[in-house]
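Below you'll find the structure, written out as structure tokens, and then a few comments.
Being a predicted model, the structure only gives us computed values, none of them experimental. Atoms within a ligand are numbered from 1 in the order they appear, just like the ligands themselves. Note that the numbering runs from 1 along the sequence shown for the chain.
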Amino acid sequence: MTDRYAVVGNPIAHSKSPQIHAAFAQETGHDLRYERLLAPLDGFVETVVRFQHEGGRGLNVTVPFKLEAFALAAEHSPRAERAGACNTLAWRGTHWFGDNTDGPGLVRDLDVNLGVALAGRDILVLGAGGAARGILAPLLAAAPRSLTLSNRTVDKAEGLARAFAALGPIRALAPSALGGERFDLVLNATSSSLAGDAGGRAPWPDGIFAAVALAYDLMYGSEPTAFERWAHASGAARVSDGFGMLLEQAAESFLIWRGVRPDTAPVYALLRGNRPGVRSVRMP
Ligand code: ATR
């Protein structure tokens, strides 16, 4: 019988994961089916249980269920423990094993695909929600010189900085305190499109991009995101969206389920081949 996998979230219609995993399956010669599962906002656990009873072997979990996925899993990887959230579930015969491949996916995209070594760099992370929390431990493990967290609601950034202080040089700064600071890398981990947000303005000064080698949005779209446009207009040398991170976290999930890590480069070309420009210098 063909093994079944799915991505579960709400909303889920626009997820690219089915195309990605179909491409990985073809590349590796694995026989599997990967679908989209829309779970009701109050029905995550029921949806997962039903899927498993119907033969489901593994799940990717997306917004807003990553914390519930962590609670559902009876066994966790150390990196899921550190993130306190799961984006990957694997059925272990009697229980769900929960992992989190988001952070490793980001670090691999930065390091391997974009050629940005993180060791010794000064990194700024915008946002202090679930997406930010999931990337902090892998970023700190890459030995940056400093990791600064900045969030509209300052005490959330301060809380995260305290929670991760044992893992490396992390601090929180209010958006208004960033003037005069310089960073090698700025990562957007907010859930907002920032500059394009209903005509509103991001709380951060444009100056954060002055000396930046790479501005990276964890989000992605068919067009450059508002963050990408803002960073480019404000002087970032290179900008990228998070499509590479999406691919790398998917490859890491595939490895957990199937024991083999697919090569992401051909899949990037396949799914993005018709886009203008090169990802790392995509802005006009
Ligand atoms: P996620 O799991 O996607 O991180 P979340 O936990 O709701 O979602 O966190 C959303 C993050 O985006 C927060 O850091 C939030 O800032 P606040 O903590 O101040 O709410 C940030 N965010 C959302 N909309 C924003 C906006 N318009 N400007 C700046 N930050 C925004």
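Transitive grouping of hydrophobic side chains (ILVMFWY, heavy atoms separated by less than 4.5 Å) brings L178 and F209 into a common cluster.
Each of the following atoms of ligand 1 lies closer than 4.0 Å to a heavy atom of T153: 17 (P), 18 (O), 19 (O), 20 (O). Distances below 4.0 Å separate heavy atoms of G127 from the following atoms of ligand 1: 14 (O).
Checking side-chain atoms of E228 against main-chain N and O of D217 turns up no donor-acceptor pair under 3.5 Å.
Within the structure, ligand 1 has A128 among the residues with a heavy atom less than 4.0 angstrom away.
Salt-bridge formation is not detected for the pair D184/R145: no Lys NZ or Arg NE/NH1/NH2 atom is positioned less than 4.0 Å from an Asp or Glu carboxylate oxygen.
Within the 4.5 Å cutoff, the side chain of N60 has heavy atoms near those of the Y34 side chain.
Here atom 10 (C) of ligand 1 lies nearest to S191 when heavy atoms of G130, A157, S191, A131 are compared. Which of R152, R133, M219 comes nearest to atom 31 (C) of ligand 1 through a heavy atom is settled by distance: it is R152.
Under 4.0 angstrom from ligand 1, the non-hydrogen atoms of T190 come from both its backbone and its side chain.
Within the structure, side-chain hydrogen bond (donor to acceptor under 3.5 Å, both in side chains) pairs that include any residue of residues 49-58 comprise D3-R57 (at least two apart or interchain).
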